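Written below as structure tokens is the structure these notes are about.
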Amino acid sequence: KQITILKKSKIIYRKERMGFALDNLSHFHTHIGNYEEAAADAKKAQEYYIKNSFNYFISKEQEFHAHMYNNNGPQALKCSEELLEHSLTDTGEFRKSKYVYYQSCVLFASKNYRPALDLLKMSLEIEKDKTRWNVSLRILNIVLYIELNKIDEAGRALESLRKYMERTTKNDEIKPRDVLIVKVLREIEKDSFEFQSKNEGIAKMLNELSEKDTPVSWEHYSPELIPFHKWLEGKL
């Protein structure tokens with residue numbers, strides 16, 4: 001309705017407003033799981049922004065998320081490369097770290113674990129101040145060590161994360177889901193990161209992480225681009 005009104009009214013019509021409306025539509029499609037439509041809406045929204053403007057790249061980032069959720073690795077990688085090439089990347093370490101992290105997640109999803117780990121380490125070195133992002137990066141770092149069978153490194157990284165979260169426990173950016181994921185990893189560590197499908201404690205926590213609309217549910221647009229519960233389901 002909003003798009004129709006904008007198209008019909010010469011007074012309120014503005015190209016940028018059309019872009020905003022399409023981005024809102026993209027958000028809606030993402031949250032209901034229509035990822036292909038979400039990506040298409042974000043892509044169309046970019047046609048209404050000035051090329052290489054801030055709004056253009058916010059929309060490009062939204063398109064990236066839609067492709068990731070839709071398991072469209074090639075398109076997600078293309079979006080992440082365009083984000084990294086943009087001059088706005090140089091305006092802040094967090095933005096650059098985030099885009100490098102995006103590429104690491106794309107590589108992880110395609111099971112290119114070694115290059116994914118290299119990029120993730122680069123991202124961790126760039127930005128260390130954003131607590132929730134830092135926790136998500138560290139969790140993926142541990143998961144990558146496990147996939148690469150680097151058990152000692154995984155154990156050390158997990159203990160480091162546990163202490164980090166303990167120090168920042170009063171920070172609102174530490175989510176109940178993050179705490180539960182670390183509990184799962186510590187339980188897996190007891191068996192040297194060998195996955196035991198009969199472990200009732202892990203099965204119970206996995207069920208909690210997989211549920212929707214709870215304090216420990218996975219969320220769209222969170223730093224957790226690789227849903228931990230889906231990764232764990234594939235290992236059990």
Side-chain angles (χ1 to χ4, degrees), residues 30-31 33 35 64-71 73 76 97-98 100-113 116-117 119-121 123-124 130-151 153-166 168-169 171-197 199-236:
T30 295
H31 283 291
Y35 302 131
F64 164 82
H65 279 88
H67 288 312
M68 276 296 293
Y69 301 146
N70 200 36
N71 298 314
S97 171
K98 182 167 64 170
V100 172
Y101 171 62
Y102 286 172
Q103 287 202 328
S104 177
C105 289
V106 174
L107 290 171
F108 179 94
S110 60
K111 299 186 178 181
N112 290 316
Y113 300 129
L117 180 61
L119 280 176
L120 186 62
K121 286 181 177 179
S123 184
L124 282 163
K130 300 286 184 180
T131 303
R132 184 78 202 281
W133 278 92
N134 196 280
V135 169
S136 293
L137 267 64
R138 284 171 176 242
I139 289 172
L140 184 61
N141 190 45
I142 295 163
V143 168
L144 278 163
Y145 279 139
I146 294 171
E147 288 288 3
L148 291 167
N149 201 32
K150 293 179 176 291
I151 304 307
E153 291 90 336
R156 287 194 292 269
L158 178 57
E159 179 61 12
S160 176
L161 175 58
R162 184 194 67 78
K163 290 179 178 178
Y164 174 80
M165 291 176 66
E166 195 175 72
T168 55
T169 186
N171 192 318
D172 290 338
E173 290 191 54
I174 300 293
K175 303 296 181 184
R177 180 176 176 87
D178 301 327
V179 175
L180 186 55
I181 287 173
V182 170
K183 285 182 179 179
V184 173
L185 287 168
R186 294 186 71 192
E187 190 66 28
I188 297 170
E189 186 186 19
K190 292 177 182 178
D191 295 310
S192 299
F193 296 106
E194 294 289 335
F195 296 87
Q196 304 293 330
S197 58
N199 188 313
E200 293 182 4
I202 292 175
K204 182 177 181 296
M205 289 186 282
L206 174 58
N207 186 58
E208 290 180 51
L209 291 169
S210 303
E211 289 179 357
K212 295 182 178 181
D213 303 320
T214 75
V216 295
S217 296
W218 177 82
E219 298 176 331
H220 288 102
Y221 300 113
S222 73
E224 191 186 338
L225 274 171
I226 305 296
F228 181 84
H229 61 282
K230 290 186 178 180
W231 169 76
L232 186 56
E233 285 170 359
K235 305 299 287 186
L236 296 175

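Everything numeric here is computed off the predicted structure, so don't read it as measured data. Side chains included, hydrogens not; waters and symmetry mates left out as well; all remaining heavy atoms used.
Residues Pro223 and Ser136 approach most closely at CB-OG, 3.3 Å, considering heavy atoms. Of all heavy-atom pairs between Leu119 and Gln103, the closest is CD1-CB, 3.8 Å. Summarising the geometry of Leu140 relative to Cys105, their closest heavy-atom pair is CD2-SG, 3.9 Å, with the distance given to 0.1 Å. Taking every heavy atom of both residues into account, Ala76 and Phe64 meet most closely at O-CD1, 3.2 Å.
Looking only at side-chain heavy atoms (C-beta outward), Leu206 and Val184 stay at 4.5 Å or farther from each other. With a 4.5 Å cut-off on side-chain heavy atoms, Ile146 and Ile188 do not count as touching. Counting heavy atoms from C-beta on, the side chains of Lys111 and Tyr113 come closer than 4.5 Å. Looking at heavy atoms from C-beta onward, Tyr145 lies in side-chain contact with Leu117 at the 4.5 angstrom threshold. Considering only heavy atoms from C-beta on, Leu120 stays 4.5 Å or farther from Phe108 through its side chain. Under the 4.5 Å side-chain criterion, counting only non-hydrogen atoms from C-beta, His65 is in contact with Leu225. Ile226 places none of its side-chain heavy atoms less than 4.5 Å from the side chain of Val143.
The CD1 atom of Ile202 lies 5.0 Å from the CD atom of Glu187; values are rounded to the nearest 0.5 Å. The distance from atom CD1 of Ile139 to atom CD1 of Ile181, rounded to the nearest 0.5 Å, is 4.5 Å. Here Leu137 contributes atom CG and Ser123 contributes atom OG; the two are 4.5 Å apart, rounded to the nearest 0.5 Å. Rounding to the nearest 0.5 Å places CZ of Phe193 at 6.5 Å from CG of Leu185. To the nearest 0.5 angstrom, Glu233 atom CD is 9.5 Å from Asn207 atom CG. Distance CG/Leu232 to CE/Met205: 9.0 Å, rounded to 0.5 Å.
Among residues two or more places apart in sequence or in another chain, the side chain to side chain contact (heavy atoms under 4.5 Å, CB included) test is passed with Lys235 by Glu147, Phe195, Trp231. Contacts of Tyr35 classified as side chain to side chain donor-acceptor pair (under 3.5 Å), with partners at least two apart in sequence or in another chain: His220.
Salt-bridge check for Glu189 with Arg186: failed, with every basic side-chain N at 4.0 Å or more from each acidic carboxylate O. No salt bridge links Arg177 with Glu219; every basic N to acidic carboxylate O contact stays at or beyond 4.0 Å.
For Tyr164 (side chain) and Asn134 (main-chain N/O), no donor-acceptor pair under 3.5 Å exists by modelled atom type. Under the 3.5 Å distance criterion, the side-chain polar atoms of Thr214 are matched with a main-chain donor or acceptor of Val216.
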* For salt bridge (Lys or Arg N to Asp or Glu O under 4.0 Å), just list the numbers for Glu208 and Lys204, CA-CA rounded to whole Å, side-chain angles, deciding distance to a tenth of an Å, and then say yes or no. => CA-CA 6 Å; Glu208 290 180 51; Lys204 182 177 181 296; 3.1 Å; yes
* To do: Tell me, with the steps shown, if Arg162 and Glu159 meet salt bridge (Lys or Arg N to Asp or Glu O under 4.0 Å).
  => CA-CA 5 Å; Arg162 184 194 67 78; Glu159 179 61 12; 2.7 Å; yes
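Note on ring orientation: taking the six-membered ring where Trp is involved, the planes of Trp133 and Tyr102 are tilted (angle from 30° to 60°).
Aromatic ring centres of His31 and Tyr221: separated by under 6.0 Å.
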